[in-house]
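Letters A, B, ... mirror the listed sequences (proteins, then strands); counts begin at 1. Predicted model, so just to flag it, every value in this text is computed and none were measured. Note: hydrogens, waters and symmetry copies are ignored here, and every other heavy atom, side chains too, is used.
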Protein chains: 2
Amino acid sequence: MNTLSHEQAVFSIAAVERDTGLSKDTLRVWERRYGFPAPARNANGERLYPQDQLDRLRLIRRLLDAGHRPARIVAATAEELADLVETLRNESVDPQAPEHDATLLQCVCLHRAAELAAGLRRALMKQGLQRFVVDTLAPLAAEVGEAWMRGELLVADEHLFTEQVQNLLRAAIGAQAGGDGRPRILLTTLPDELHVLGLLMAEAMLVPEGAACTSLGTRTPLADIRAAALAGAFDVVALSFSSAYPARQVVDDLLELRASLPAHVALWAGGGAVHNRHKRLDGVRVVEGLEDSLLALQEWRDAHPSQSA
Amino acid sequence: MNTLSHEQAVFSIAAVERDTGLSKDTLRVWERRYGFPAPARNANGERLYPQDQLDRLRLIRRLLDAGHRPARIVAATAEELADLVETLRNESVDPQAPEHDATLLQCVCLHRAAELAAGLRRALMKQGLQRFVVDTLAPLAAEVGEAWMRGELLVADEHLFTEQVQNLLRAAIGAQAGGDGRPRILLTTLPDELHVLGLLMAEAMLVPEGAACTSLGTRTPLADIRAAALAGAFDVVALSFSSAYPARQVVDDLLELRASLPAHVALWAGGGAVHNRHKRLDGVRVVEGLEDSLLALQEWRDAHPSQSA
DNA sequence: GTGTATTTTTTGTCCACGACAAACGCGATC
DNA sequence: GATCGCGTTTGTCGTGGACAAAAAATACAC
C-alpha cells in the first residue's frame with residue numbers, strides 16, 4: 001500500500017503481485033536466492049517495496065516473457081538490464097517490415113484513439129472482414145504486443161487498442177446475423193487466459209463462412225465448458241491460447257478437456273501457445289494461425305456431410 | 001490437476017484457487033481451523049481436492065458473498081448448507097417483482113441466446129439507451145447475478161449473457177460518435193476487478209450526455225491509470241467495483257489512487273462495493289447507482305463552467 | 001428503545017525456511 | 001543433426017506461527 005505521495009511511495013507484496021504478475025512466492029524466493037528485490041520492512045516485518053524496485057521488477061518481467069532466464073536478469077545491474085532491452089529492441093526490427101500498418105501502429109497511443117478507430121474502420125471496409133483480420137489486424141496486434149514488451153507503450157495504450165478492436169470486431173460479427181448454419185462452434189478461453197482478441201479474430205474468420213459461432217468470452221472453467229458444450233449441442237469447442245499462457249499447462253488442460261468431452265465433439269486449439277505443439281495432443285485439432293481455421297472448418301464439413309439432405 | 005475422467009477427478013490447490021476464487025492461504029487455513037476442506041494427499045504430501053469438495057467450496061463461496069460468515073458455513077453439514085441456500089432463494093423473491101423482464105431472464109440460458117439478443121435489442125430500441133440501461137439492463141443483470149449465486153445458472157449462461165450485453169452496448173455506444181465534449185472521462189477498473197458490465201453501463205449513461213468517454217476496459221494497474229490520466233489530459237477518472245470486490249481493498253486502492261492523481265482530476269467510483277462507503281473517501285465522488293452518474297456529471301459541469309466561452 | 005464506545009472474536013494475509021518435481025541447458029552419443 | 005541422459009535452475013507447495021483489520025458482542029449513556 002502507498003503510504004505517502006510526497007515521499008517515496010511503497011507497496012505491499014500483494015500490490016506488487018497485482019502490478020507485476022509475479023506471485024508472492026516468486027517474489028520471496030527471488031529475494032532469498034538472488035538478493036533482489038530487497039524491500040524495506042514495516043514494524044510488523046512485512047515487505048515494503050519502493051517505487052524503483054517495482055519499476056525494475058516490471059522490466060524484469062518483460063525480459064522474462066521475452067525468453068531470458070531469472071538467474072541472468074534478476075541479480076543483474078541496471079546497466080546490464082538496459083543492454084538487454086537495447087538488444088531486444090534491435091532484434092525485433094524484422095527485415096520484412098510490413099509498411100502498410102506502420103501508420104496505424106503510430107496511432108496506438110492515448111491521444112490518437114479516434115484516428116486509430118477511423119483507420120481500422122477504413123481498412124475493414126476496404127478489405128472485408130476476413131482479409132482485414134488476417135492482413136491488417138493480426139500483424140498489428142503482434143506489433144503492439146512486441147512494442148509493449150519493449151516498454152515503448154503504456155499499458156493503457158495497449159488496453160485502449162484492445163478496446164477499439166473489440167468495438168469494431170463485435171459490431172462486424174454481430175452484423176452478420178446469428179444464422180443457424182453448421183457446425184455449431186463454441187468459442188472461449190480457459191480460466192488462466194485473459195486475452196480476448198484471438199478469440200474475436202477467430203470468430204470473425206468463421207462467421208462469414210456460415211458457421212454458427214457462440215462465444216463465452218474469456219475464463220470459462222473446464223467443467224463449465226463441458227457442461228456448455230453438452231447443453232448447447234455444439235459440434236466444435238474452440239479455445240484460444242495467447243503466447244503468454246504457461247506452456248506446460250496447455251497440454252495438460254487440453255488433454256483433460258478432451259477426455260471430458262464426448263468423442264463426437266471436436267476440440268480446436270489455436271494461438272501462440274499451441275503453435276508447433278501437435279505432438280502430444282491426440283484428438284485435438286491444432287489450428288496454426290487464422291487462415292488455418294478455415295481449413296479446419298472445411299475438414300469438419302468434409303467429415304460431416306449434411307444429414308438433412 | 002485432473003487425473004482421470006472415469007474415476008473421481010481430483011484438483012490441485014492451484015486449480016481450486018482458480019475455480020473458486022479462494023486463495024491458497026485461505027484454503028489451507030480453513031483446513032487447519034475448521035477441518036474443511038479435507039483433501040487427500042499425493043505421494044509428495046500435496047493436497048488433492050476431490051470433485052465434491054470443490055463443488056461444496058463453490059457453494060460456500062456463494063454464501064460468503066451473500067453475507068454469511070465462514071465460521072458458520074465452512075464447517076457446516078451438507079444439510080445446513082442446503083437450508084441456507086433455500087433461505088437465500090426465498091429471500092430474494094422481492095415483493096416488487098418487476099414483471100417486465102421476467103421473460104428476458106428466462107432467456108438467459110444457452111439454447112435461447114438468439115431470443116435474448118433479440119429481446120434486448122427490442123427493449124433498447126423502444127426505451128432509448130439510458131432508460132434501457134437503468135430500467136431493463138441493470139435490474140436484469142442484478143437478477144442474473146442472484147440467480148447465479150443461487151446456483152440456478154451455469155457459469156456458461158452468465159458468460160453468454162455478458163457477451164450478448166457487451167455486443168449490444170458497444171454497438172450502441174459506438175454509434176454515438178466520439179465527440180469532443182467535456183468533461184473528458186477515463187473509464188476502467190483496477191487489476192482485481194474483472195467485471196466489465198458496470199463500466200459499460202456507466203459509459204452508456206454518460207456518452208449520450210455529451211461527455212467524451214474513453215474506456216480502457218478492465219484491469220488497469222494503478223500506476224498506469226495515473227499515467228493515462230495525465231497523458232490523455234482527462235478531467236475525470238471513473239472506476240467500477242462489483243460487489244465481489246474485496247471490501248477493505250476498495251478504500252485503500254481508492255485513496256492510493258487519489259493521492260497519486262493531481263487535484264484537478266476528479267475521481268469517481270461506482271458499483272456495489274462502494275455503495276454506502278462515502279465515509280472514509282475524501283476526494284472521491286462515490287456514485288450511488290447509474291442515475292447518480294448523471295448527477296455527478298452535472299455537478300462537474302457546474303463546478304467547471306466552459307472556459308472557451 | 002436508541003445510539004455510541006469498548007472489548008472480544010473472527011478472519012485473511014504475511015512470514016520463514018525446507019522440500020521437490022518439472023523444465024531447461026548442455027554435453028555425449030547414435 | 002537429432003536424441004538421450006544428467007546436473008542445474010526455478011516455481012510451487014508444505015508447515016505453523018503471528019498479527020492487524022473487520023465484525024460481533026458487550027457495556028454504557030441518553
Quick one about B/S242 and B/E193 (side-chain donor to acceptor, distance below 3.5 Å, no hydrogens or angles considered), yes or no? yes
Go through B/L27 and B/V16 one step at a time and tell me if the side chain to side chain contact (heavy atoms under 4.5 Å, CB included) criterion holds. CA-CA 9 Å; B/L27 288 167; B/V16 175; 3.7 Å; yes
CG of A/D292 to CZ of A/R285, rounded to nearest 0.5 Å, is 4.5 Å
A/W30 side chain near D/dG11 phosphate (N/O to OP1/OP2, under 4.0 Å): yes
Side chain to side chain contact (heavy atoms under 4.5 Å, CB included) assessment of A/Y34 paired with A/V29: CA-CA 8 Å; A/Y34 311 117; A/V29 102; 5.9 Å; no
How close do B/D19 and A/P191 get, counting heavy atoms only, and between which atoms? OD1-CG, 4.3 Å
Give, ordered by number, those residues of residues 63-74 of chain A having at least one heavy-atom distance below 4.0 Å to an atom of DNA chain D; if nothing qualifies, reply none. A/R69, A/P70, A/A71
Kindly determine whether A/F11 and A/Q53 satisfy side chain to side chain contact (heavy atoms under 4.5 Å, CB included), including the steps that lead there. CA-CA 10 Å; A/F11 303 88; A/Q53 291 192 25; over 6 Å; no
In short, the helix from C/dG1-D/dC30 to C/dC30-D/dG1 is bent end to end, axes from five pairs each side, to 10°, by 40°
Answer yes when A/R18 and B/D253 have at least one side-chain N-carboxylate O distance shorter than 4.0 Å, and no when they do not. yes
Quick one: which protein N/O atoms are closer than 3.5 Å to N/O atoms of nucleotides 14-16 of chain C? Pair and distance per line, please.
| unit_1 | atom_1 | unit_2 | atom_2 | d |
| --- | --- | --- | --- | --- |
| C/dC14 | OP2 | A/K24 | NZ | 3.0 |
| C/dC15 | OP1 | A/R47 | N | 2.7 |
| C/dC15 | OP1 | A/R47 | NH1 | 3.1 |
| C/dC15 | OP2 | A/R28 | NH1 | 2.5 |
| C/dC15 | OP2 | A/R47 | NH1 | 3.3 |
| C/dC15 | O5' | A/R47 | NH1 | 3.0 |
| C/dA16 | OP1 | A/R41 | NH1 | 3.1 |
| C/dA16 | OP1 | A/R41 | NH2 | 3.1 |
| C/dA16 | OP2 | A/R47 | NH1 | 3.0 |
| C/dA16 | OP2 | A/R47 | NH2 | 2.5 |

To the nearest angstrom, how far is B/L27 atom CG from D/dC13 atom P? 11 Å
Can you tell me the distance, in whole Å, between the CZ atom of A/R33 and the C1' atom of C/dC20? 11 Å
Whether A/E80 and A/R56 form a salt bridge (side-chain N of Lys/Arg under 4.0 Å from carboxylate O of Asp/Glu) is what I want to check. no
Check this one for me: any side-chain N or O of B/Y34 less than 4.0 Å away from OP1 or OP2 of C/dT10? no
At under 4.0 Å, does any side-chain N or O of A/S23 touch on OP1 or OP2 of D/dT12? yes
Going by an N to O cut-off under 4.0 Å, is there a salt bridge joining B/D55 and B/R58? yes
What's the verdict on side chain to side chain contact (heavy atoms under 4.5 Å, CB included) for A/I73 and A/L84, showing C-alpha distance, side-chain angles and the deciding distance? CA-CA 9 Å; A/I73 56 175; A/L84 290 175; 3.5 Å; yes
Please check if the number of heavy atoms outside B/H159 that lie under 6.0 Å from its NE2 is greater than 12. yes
